[in-house]
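Here is the structure we will look at, set down as structure tokens.
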Amino acid sequence: MTRCRTPLHLFNTLSRSREEFHPIAPPKVRLYACGPTVYGRAHIGNFRTFLFVDLLRRVLRLFGFEPESVMNYTDVDDKTIAAAEAASLPLRELTRRYIELFEEDLQTLHILLPDRRPKATDHIGLMIALIEELLRKGHAYVGEDGSVYFRIGSFPDYGKLAHLDRGGLQPGARIAQDEYLKESVGDFALWKAWKAEDGEVGWASPWGRGRPGWHVECSAMSMHYLGEEFDIHCGGTDLIFPHHENEIAQSRCATGKSFAHFWLHCSHMLVDGEKMSKSLGNVYSVADILAQGYTGRHLRFLLLTAAHYRQTLNFTWEGLAAAKAAVGRIDDWLVRWRSLPPERFAAASSEGEEFLTRFCASLADDLNLSDALGHFFEFLRATNRSIDLGAPLPDLPEIWCALDSVLGLGEPDDTVPPHLQELLSRRAAARQRRDWKESDSLRAAIKQEGWSVRDTAQGQELRRR
RNA sequence: GGCGGGGUAGCCAAGUGGUAAGGCCGGGCUCUGCAAAAGCCCUAUGCGUGGGUUCAAUUCCCACCCCCGCCUCCA
């Protein structure tokens, strides 16, 4: 659905500025997002980033583009190996389980499944080929232990994305002891030689048994599925350095091409003003949110709208309650106009067109959803007013379709359980007799179940609360 | 130390050189048997602090104070 014709502007980390977005081969947009490392349940901070990628894809569609998206699963690294060992499971089995949980959570949050979701372990051959190319061109070298390292000194642009000076890369506390094998501290592993801790995990390579380094998987898979040059590469801000910096170095050195044209990064989240950490006990999963009586739609709305994607978002339960209330208001509006006869929706309405124009203009400004939502709520109030007055309405079904193609809220979950249906009919009977006392006590009973009942000209209406 | 992000009403948040969108919460009114929903009205002479530029600054400049992130494998 192409509803937006304005030029789309996106903030490119490469230039640190907003740029007008033009894909390489319109209307196709080839997009790569760094996916999760599947060693445990993903937390809501992870999902903020995936929600951002989802928003981007949805906006691209609304602007007439045809995004083709790829998101990888990192299913082999120190953490996955350690987790498999701890669970006494084969690596493959452990990662399969967490991928399953992750995809369930995506569904809960109405995140569109990326078109392709390649696993690192299914593409070892591609990675080996890429490493061989880098070796051939002198951008990599084999260490004494059979590990292969990328030589950052061979790539003059190293550090451009992160705005880091190569000379400023000093050995830090986190440098492992085996790092003396490298020519320079900034050099990073393309291939890691097998160690005892790796157990069963390992693949044969020209340099002996081992496994790929982290960065190389994204280079290999993104270029394999999207080409040596593609449109957008995104992920969380933390990935700018070193992950994306290293991806750029590997990919450009291997191919001589420019790799991704746009780099988009989503800022991190805090919980109650503090960084999420296991010790603070503030690392929440989607399941934790659902357990508190919220739905995926509430969390989606909060994570998407509480702050612009390049702004730190502070998660609080109070904020989630506010998001729930806002979603409830949208739902009420939705249910309200949907009950109206079709002739109430005027075919031509400048009101509707004006709203969509504003909505698009906001999104075109680097996905300014807060601003876009401001327009939406003004529109919502205006249409509610029209309904009150019995005035003609814009083509709400069509406008909502465009709107929700971005918001992704979908339908409220208001299927009435049978036992409530029973209370409802008893209440209807009581109301017939004008037995207000009975009517009110039944309303209280229904409220106990987490629903609210309202009396309209058409009879009773139930809403989940 | 280097690089970067931020401080706007009770909470969240957009934004602009010309006098502060929107959401949540709260209050009043209309409607209702009562509610709910909806609508209307109210809720920052003010945008971290102090200077400066300007006819005019929250928006530009300077200084200062706070908060946060990254700087080798964390979305």
Side-chain angles (χ1 to χ4, degrees), chain A residues 13 16 33-37 42-53 74 77-79 152 159 162-165 167-176 179 185-189 192 213-215 234-243 245-246 265-270 273-277 301-302 305-308 310-314 316 318-319 321-330 332-333 335-336 362 365 368-378 380-382 384-389 431 434 436-437 439-440 443-444 447 452-456 460-461 463 465:
Chain A
T13 305
R16 304 276 160 133
C34 288
T37 301
H43 55 70
I44 57 176
N46 296 312
F47 287 110
R48 184 197 183 191
T49 297
F50 299 121
L51 235 13
F52 147 68
V53 177
T74 298
D77 78 325
D78 291 345
K79 283 177 300 198
I152 63 168
H163 289 196
L164 283 175
D165 185 4
L169 294 175
Q170 297 300 324
R174 291 206 273 178
I175 302 289
E179 300 285 306
V185 281
D187 292 353
F188 56 91
K192 294 182 162 189
W214 177 35
H215 318 296
C234 41
T237 38
D238 57 303
L239 297 184
I240 295 173
F241 193 87
H243 187 54
E245 193 69 62
N246 292 352
H265 294 96
C266 182
S267 286
H268 273 201
M269 253 182 62
L270 298 174
E274 298 187 274
K275 195 171 174 173
M276 284 188 285
S277 73
F301 190 83
L302 176 74
T305 67
H308 182 262
R310 286 192 289 111
Q311 222 61 64
T312 305
L313 186 156
N314 185 22
T316 61
E318 189 189 1
K324 180 178 182 174
V327 170
R329 181 160 165 231
I330 294 171
D332 285 334
W333 171 76
V335 169
R336 192 174 186 215
S362 300
D365 180 18
N368 192 339
L369 193 56
S370 299
D371 202 46
L373 222 56
H375 299 307
F376 170 49
F377 277 106
E378 278 173 349
L380 182 148
R381 182 157 15 90
N384 262 147
R385 197 184 300 130
S386 295
I387 296 173
D388 281 352
L389 299 171
R431 295 182 63 72
R434 300 183 71 79
W436 306 128
K437 208 175 162 192
S439 169
D440 289 350
R443 178 163 62 202
K447 192 174 180 184
S452 77
V453 61
R454 96 178 44 135
D455 303 306
T456 72
Q460 304 178 91
E461 221 170 67
R463 297 301 319 285
R465 285 289 173 242

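Note that these values count all heavy atoms, side chains included, but never hydrogens, waters or copies made by symmetry.
- Between B:A63 and B:A20, the distance separating the two P atoms is 30 Å to the nearest Å.
- Under a 3.5 Å cut-off, the side chain of A:Asp365 and the backbone N or O of A:Asn368 do not form any donor-acceptor pair.
- A donor and an acceptor atom, one from each side chain of A:Ser439 and A:Arg431, are located under 3.5 Å apart.
- Residue A:Lys79 is in sugar-phosphate contact alone, with no base atom involved, counting any heavy-atom pair closer than 4.0 Å across all strands shown.
- Looking at A:Asp332 and A:Arg465, a side-chain N of the basic residue comes within less than 4.0 Å of a carboxylate O on the acidic one, giving a salt bridge.
- As rounded to whole Å, 6 Å separates atom P of B:A75 from atom CG of A:Asp238.
- One atom, CD1 of A:Ile152, and another, C1' of B:U72, lie 10 Å apart when rounded to the nearest Å.
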Do any N or O atoms of the protein come closer than 3.5 Å to N or O atoms of nucleotides 30-33 of chain B, and which pairs are they?
unit_1, atom_1, unit_2, atom_2, d
B:G33, O6, A:Arg431, NH1, 2.4
B:G33, N1, A:Asp440, OD1, 3.0
B:G33, N2, A:Asp440, OD2, 2.6

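- As a whole-Å value, the separation of A:Lys275 NZ from B:C68 C1' is 10 Å.
- Taking atom P on both nucleotides, B:C65 is separated from B:U49 by 15 Å, rounded to a whole Å.
- If you check B:A38, B:A13, B:C11 against the side chain of A:Ala307, the one that comes closest is B:A13.
- Note on ring orientation: taking the six-membered ring where Trp is involved, the planes of A:Phe301 and A:Phe377 are perpendicular (angle over 60°, cut-offs 30° and 60°).
- The nearest heavy atom of RNA chain B to A:Ala306 and to A:His163 marks one nucleotide each, and the one closer to the 5' end goes with A:His163.
- Separating the NE2 atom of A:His308 from the P atom of B:A14 is a distance of 8 Å, rounded to the nearest angstrom.
- Among the nucleotides B:A36, B:G4, B:A75, the one closest to any side-chain atom of A:Met276 is B:A75.
- Stacking of A:His268 onto the six-membered ring of B:A75 is present: less than 5.5 angstrom between centres, less than 30° between planes.
- Residue side chain A:Thr49 reaches the base of B:A75 through a donor-acceptor N/O pair under 3.5 Å, judged by distance alone.
- The backbone N or O of A:Leu380 sits nowhere less than 3.5 Å from a side-chain atom of A:Arg385 that would complete a donor-acceptor pair.
- Taking atom C1' on both nucleotides, B:U43 is separated from B:U8 by 16 Å, rounded to a whole Å.
- One can place CZ of A:Phe50 at 13 Å from P of B:C74, the figure rounded to the nearest angstrom.
- Counting all heavy atoms, side chain and backbone alike, A:Gly45 lies closest to A:Met276 at CA-CE, 3.6 Å.
- Atom CG of A:Asp371 is separated from atom P of B:U8 by 18 Å (rounded to the nearest Å).
- Of the candidates B:G5, B:A75, B:C71, the closest approach to any side-chain atom of A:Thr37 belongs to B:A75.
- The interatomic distance linking A:Leu239 (CG) with B:G69 (P) rounds to 17 Å, in whole Å.
- Under the 3.5 Å distance criterion, the side-chain polar atoms of A:Arg48 are matched with a main-chain donor or acceptor of A:His268.
- One atom, CH2 of A:Trp333, and another, P of B:G23, lie 14 Å apart when rounded to the nearest Å.
- Nucleotides B:A13 and B:A21, compared at atom C1', are 10 Å apart to the nearest Å.
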Can you pull every protein N or O that's under 3.5 Å from an N or O on nucleotides 40-44 of chain B?
unit_1, atom_1, unit_2, atom_2, d
B:C40, OP1, A:Arg385, NE, 2.7
B:C40, OP1, A:Arg385, NH2, 2.4

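- Distance check, rounded to the nearest 0.5 Å: CG of A:Leu51 to OG1 of A:Thr305 gives 10.0 Å.
- When the side chain to side chain donor-acceptor pair (under 3.5 Å) test is applied to A:Thr13, the partners found at least two apart in sequence or on another chain are A:His265.
- Residues A:Thr316 and A:Lys192 each lie close to RNA chain B; by heavy-atom proximity, the contact nearer the 5' end of the strand is made by A:Thr316.
- Nearest nucleotide to the side chain of A:Ser370, out of B:G23, B:A21, B:G4: B:A21.
- B:C61 and B:U53 have their C1' atoms separated by 7 Å, given to the nearest Å.
- Atom C1' of B:A75 sits at a distance of 26 Å from the matching atom of B:G23, rounded to the whole Å.
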